[in-house]
Peer 1: 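Right, I'll just put the structure down here and ask away after.
All chains are named by letter (A, B, ...) in the order of the sequence lines, taking the proteins before the strands, and each is independently numbered beginning at 1.
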Protein chains: 4
Amino acid sequence: MGRKNKNMAFNQEKKKDQIIFAAMILFAKKGFAKTSMADIAKEAGIGKGTTYEYFKGKDQLFFATFQWFVDHCEKAATLSFTELAPKSGAEKIRVFSQSILNSLKGSEEFYPLVLEFWAATASSRYRDKMKKAFKDLYKRIGDVFVAIINEGIENNEFDPEIDIDSVVPAIVGVWDTIGLQAWFHDGSNDEFNMEKTMLSFTDLIIRGLLKKQ
Amino acid sequence: MGRKNKNMAFNQEKKKDQIIFAAMILFAKKGFAKTSMADIAKEAGIGKGTTYEYFKGKDQLFFATFQWFVDHCEKAATLSFTELAPKSGAEKIRVFSQSILNSLKGSEEFYPLVLEFWAATASSRYRDKMKKAFKDLYKRIGDVFVAIINEGIENNEFDPEIDIDSVVPAIVGVWDTIGLQAWFHDGSNDEFNMEKTMLSFTDLIIRGLLKKQ
Amino acid sequence: MGRKNKNMAFNQEKKKDQIIFAAMILFAKKGFAKTSMADIAKEAGIGKGTTYEYFKGKDQLFFATFQWFVDHCEKAATLSFTELAPKSGAEKIRVFSQSILNSLKGSEEFYPLVLEFWAATASSRYRDKMKKAFKDLYKRIGDVFVAIINEGIENNEFDPEIDIDSVVPAIVGVWDTIGLQAWFHDGSNDEFNMEKTMLSFTDLIIRGLLKKQ
Amino acid sequence: MGRKNKNMAFNQEKKKDQIIFAAMILFAKKGFAKTSMADIAKEAGIGKGTTYEYFKGKDQLFFATFQWFVDHCEKAATLSFTELAPKSGAEKIRVFSQSILNSLKGSEEFYPLVLEFWAATASSRYRDKMKKAFKDLYKRIGDVFVAIINEGIENNEFDPEIDIDSVVPAIVGVWDTIGLQAWFHDGSNDEFNMEKTMLSFTDLIIRGLLKKQ
DNA sequence: AATGAATGAGGGTTCATTCAT
DNA sequence: AATGAATGAACCCTCATTCAT
């Protein structure tokens, strides 16, 4: 019985995820407004009414999708953090930077979803929760950066004059903008080299952080 | 008669703008999807049907607001450019940066509109036009920056090793990102100091660009 | 212009009534729950969406139907009252009674609607308003009766021992009950003679009211 | 084995009643339309699907509650009848009257259910069965009254001129109307005194029935 | 040119019912 | 016998759009 219940719970969780993934695919492809609950059910391979067994409504499903995304990002950020070997501050920044780049590169098709999320922070009923979640996410990733830079300052590698707290949000946000611009260039001829931009920017930042001789 | 026609044309332009402004206000406040054509007409102080005399439909009106926004941005960018006095490259960057900051600070309430534009870029029927417009806008602003930096390199102020073309999109995008994060913090207690972040970031960039002794 | 506006108002009022009548017919025939807004629009000969130009929703339309009914009843009661000639109390009661009977007889097909109203009084969101309206309606009709009886007592025709205020609600209610039972018998073989029942009952009441010699 | 079967039958009967009671409570509280099968199952403390082991569907369950109600009423009426001592006709009417009043007073919360039943006689698929059941119920109760009055006429207590068959339905119906009006007044300040109205009306009727000296 | 009454396609949601377990 | 996950028909309502005035 215990097993059975566990399986049921597992299956329920599985179906919930099924729906979330179907929603993510369609929200990314057509946008939230133009995706109907019927579309999502079809994509998930279930009946129209079934969706409502797992989510109260379209808004809540959207929010669940958002939460899935935030969790995913936090996991990605945490993972990268633990991978940081005891190298120089510059190296750490490069590794971290690269790891973010990797996770960006794997999910191009979901990028429009992030735009939907941003837009929703303005108009959704979950607006406050979403704002907070985004803020927290940025803070969490930013804190990693702050730690790296502080360490670098202590080690006499980075310049103590830098106003870390102010500058970090800008650095963290670069990833967003790179994804955004990659998206704007997607499908056009004049390609945007995400990787090159990322690396050059990282170099520039490091040059700016380093203590002047 | 000539005058009359001219007046009519003028009035039409005026009414068109009236509608665009009304749309912008509401799109920013409630989002595109949740704003009805009736709402817009009401806000513009005209009849529901009149909107269709000036715009083919909601999508086109949305696109018109987008175009208005892009034009506005381009004008702002151009304006700043002409204001650049013959100072050092670092000074120019600071002036340019400040001018962007000023235009950001003046239009907080319209910031969600940009989010709508970004989101629409993914799902709108005008998706390709919008992508292109955004790309062009970034390019145009970027070009100003590229020019400044190139000039700085020629003047032996900035380091020629910098891969300018790759790094500029990231720098330009950061301004968006700062606006975005300011928006996420809006309404919460832990305020985000847009100005400080912007200035610190500009400093960092300049430090990175400067030729090492 | 005044005329035009007036006409428009008139037409709107007319369309509102059109919808109310269509709703009444269908609510009476199929009940509130089984009548769809589409049914009503069709019956009224208008588009589905048009209904919502005149009524906020199905519930409000139902309530409007109820209000129409209450107004109609009050008018009927008032009318009868003014028709009462300066006859004996017994005669007045007979006239009043007959007038109620007449209005009952003319609207058999709408009788189920009253049942819907009663039922809705329990479960509708307008429950309190409906309760009050019914109470007021009964009171208003009852008051006519109270006046007649009081006059009869003053004229030494009716027995002063009668507890008028207590008994009148019962008498007034009997008319409902007669309609109800007529409805139960409708369509069956063993006909229910509403008229005879009404008259016999009226006689009985009068016998009870009259002063004993 | 026989016992076991009997127990199962007994349990089935018990569960059937459980469901019926649950349905009655909810139909009375929220109305038929607003009560879901899931609500009923929950209230009955059983699974959603189980209801369908005992009743074919929502309509049939509703009809079962109706039948339960009718049986209950008939039992109540029969009971009162046997309690009638060999008193005067007037006394019998008073006793009967009081006994109905008692059963009314004990079941205020279920009164809306009767309204649902009435409404359903118009729109339910069981409409004809329900009409007949109501007719029979009224007839059965009426017959008791007819018997009492006939006896009274034979005993020279009541006036032979009374058209008994016509007048009895009106008298019987009074109980409905008293319940109805009590329901309309429920929750308001200007209380309706059910008992007083009932007694005064009974008095009036008896005065009307009594032979004039 | 300006209007707003009328429209109906479209979509979110509910819920009675089924059926595999 | 008991269950509750799954289903899709049905329905309320919104709103972009049209068109007669």
Side-chain angles (χ1 to χ4, degrees), chain A residues 4 7-8 11-12 15 19 33-42 44-62, chain B residues 8 11-12 15 32-42 44-62, chain C residues 4 7-8 11-12 15-16 19 33-42 44-61, chain D residues 8 11-12 15 32-42 44-62:
Chain A
K4 201 175 174 183
N7 277 341
M8 282 167 67
N11 282 327
Q12 279 196 188
K15 192 158 281 183
I19 298 170
K34 289 185 182 167
T35 300
S36 74
M37 289 301 269
D39 289 338
I40 295 170
K42 207 177 184 181
I46 57 172
K48 200 173 16 149
T50 308
T51 319
Y52 289 86
E53 296 285 326
Y54 295 88
F55 301 95
K56 274 194 182 159
K58 200 187 179 189
D59 281 352
Q60 213 206 42
L61 171 53
F62 178 72
Chain B
M8 280 167 69
N11 282 329
Q12 274 195 193
K15 194 162 281 187
F32 175 76
K34 290 184 181 168
T35 301
S36 75
M37 289 300 271
D39 288 338
I40 295 168
K42 204 177 182 185
I46 58 170
K48 208 184 346 168
T50 309
T51 318
Y52 288 86
E53 299 286 330
Y54 296 89
F55 302 95
K56 272 194 184 162
K58 199 187 178 189
D59 282 351
Q60 212 205 46
L61 171 54
F62 179 71
Chain C
K4 199 175 176 184
N7 275 341
M8 281 166 68
N11 282 329
Q12 280 197 187
K15 192 156 283 183
K16 231 178 162 172
I19 297 169
K34 289 184 181 166
T35 301
S36 75
M37 290 301 269
D39 289 337
I40 295 169
K42 207 176 185 182
I46 58 172
K48 206 181 0 157
T50 309
T51 319
Y52 291 86
E53 296 284 325
Y54 296 88
F55 301 95
K56 275 195 183 161
K58 200 186 178 189
D59 281 353
Q60 213 206 44
L61 171 54
Chain D
M8 280 167 68
N11 282 328
Q12 275 196 191
K15 193 161 282 185
F32 174 77
K34 289 184 181 168
T35 301
S36 74
M37 289 300 269
D39 288 338
I40 295 169
K42 203 176 182 184
I46 58 171
K48 209 185 342 168
T50 309
T51 319
Y52 288 85
E53 299 286 329
Y54 296 89
F55 301 95
K56 272 193 184 164
K58 199 186 178 188
D59 281 352
Q60 211 204 45
L61 171 54
F62 178 70

Peer 1: Please tell me which of G45(B) and K34(D) maps to the more 5' nucleotide of DNA chain E, matching each residue to the nucleotide holding its nearest heavy atom.
Peer 2: G45(B)
Peer 1: Take atom CZ of F62(B) and atom P of dA16(F), then tell me their distance rounded to the nearest Å.
Peer 2: 14 Å
Peer 1: Go through dA6(F), dA5(E), dA2(E) for me and flag the one nearest to the Y54(A) side chain.
Peer 2: dA6(F)
Peer 1: Just how far, in rounded Å, is P of dC15(E) from CG of D59(D)?
Peer 2: 15 Å
Peer 1: Just the rounded figure in Å: distance from P of dT18(E) to NZ of K56(D).
Peer 2: 11 Å
Peer 1: Looking only at the side chain of S36(A) (C-beta and beyond, no hydrogens), which of the listed nucleotides dT3(F), dG12(E), dT17(E) gets closest?
Peer 2: dG12(E)
Peer 1: Would you mind reading off the distance between M37(B) atom CE and dA5(E) atom P, rounded to a whole angstrom?
Peer 2: 17 Å
Peer 1: Whole Å only: how far is the CD1 atom of I40(D) from the P atom of dT17(E)?
Peer 2: 10 Å
Peer 1: Counting side-chain heavy atoms from CB outward, which of dT17(F), dA2(F), dT7(F) is closest to I46(A)?
Peer 2: dT7(F)
Peer 1: Might you point out which heavy atoms bring G47(B) and A41(B) nearest each other, and give the distance in Å?
Peer 2: O-CB, 3.7 Å
Peer 1: Take Y52(A) and T51(B), find for each the nucleotide of DNA chain E with the closest heavy atom, and name the residue whose nucleotide sits nearer the 5' end.
Peer 2: T51(B)
Peer 1: Any donor-acceptor pair under 3.5 Å joining the side chain of K48(C) to the base of dG10(E)?
Peer 2: yes
Peer 1: Look up atom CG in L61(D) and atom CD1 in I40(D), then write down how far apart they are to the nearest 0.5 Å.
Peer 2: 5.0 Å
Peer 1: Nearest-Å distance, CG (L61(D)) to C1' (dC15(E))?
Peer 2: 15 Å
Peer 1: On DNA chain F, nearest-nucleotide positions of G57(C) versus T35(B): which is more 5'?
Peer 2: G57(C)
Peer 1: Is there a side-chain contact between K15(A) and the phosphate of dA6(F), meaning an N or O under 4.0 Å from OP1 or OP2?
Peer 2: yes
Peer 1: Look up atom CG in D39(A) and atom NZ in K48(A), then write down how far apart they are to the nearest 0.5 Å.
Peer 2: 11.0 Å
Peer 1: Rounded to whole Å, how long is the line connecting atom CG of D39(B) with atom C1' of dG4(E)?
Peer 2: 15 Å
Peer 1: Starting at atom CD of E53(A), determine the distance to atom P of dG4(F), rounded to an integer number of angstrom.
Peer 2: 12 Å
Peer 1: Rounded at 0.5 Å granularity, tell me how far CD in Q60(B) sits from OH in Y52(B).
Peer 2: 11.0 Å
Peer 1: Less than 6.0 angstrom from the centroid, inside 45 degrees of the normal: does K58(D) satisfy that with respect to the ring of F32(D)?
Peer 2: yes
Peer 1: Sort by first number and list every stem of DNA chain F: at least 3 consecutive Watson-Crick or G-U wobble pairs, both distances under 3.5 Å.
Peer 2: E:2-21 with F:2-21
Peer 1: Please check if atom NZ in K34(A) has more than 12 non-hydrogen atoms from other residues, nucleotides or ligands closer than 6.0 Å.
Peer 2: yes
Peer 1: What nucleotide among dT3(F), dT17(E), dG4(E) has an atom nearest to a side-chain atom of T50(D)?
Peer 2: dT3(F)
Peer 1: Counting only side-chain heavy atoms from C-beta out, which of dC12(F), dT18(F), dG4(F) sits nearest to K58(C)?
Peer 2: dC12(F)
Peer 1: With K15(D) as the cation and Y54(D) as the aromatic partner, state whether NZ or CZ is under 6.0 Å from the six-membered ring centre and within 45° of the axis.
Peer 2: no
Peer 1: Could you grab the distance from atom CD of E53(C) to atom CD1 of I46(C), nearest 0.5 Å is fine?
Peer 2: 9.5 Å
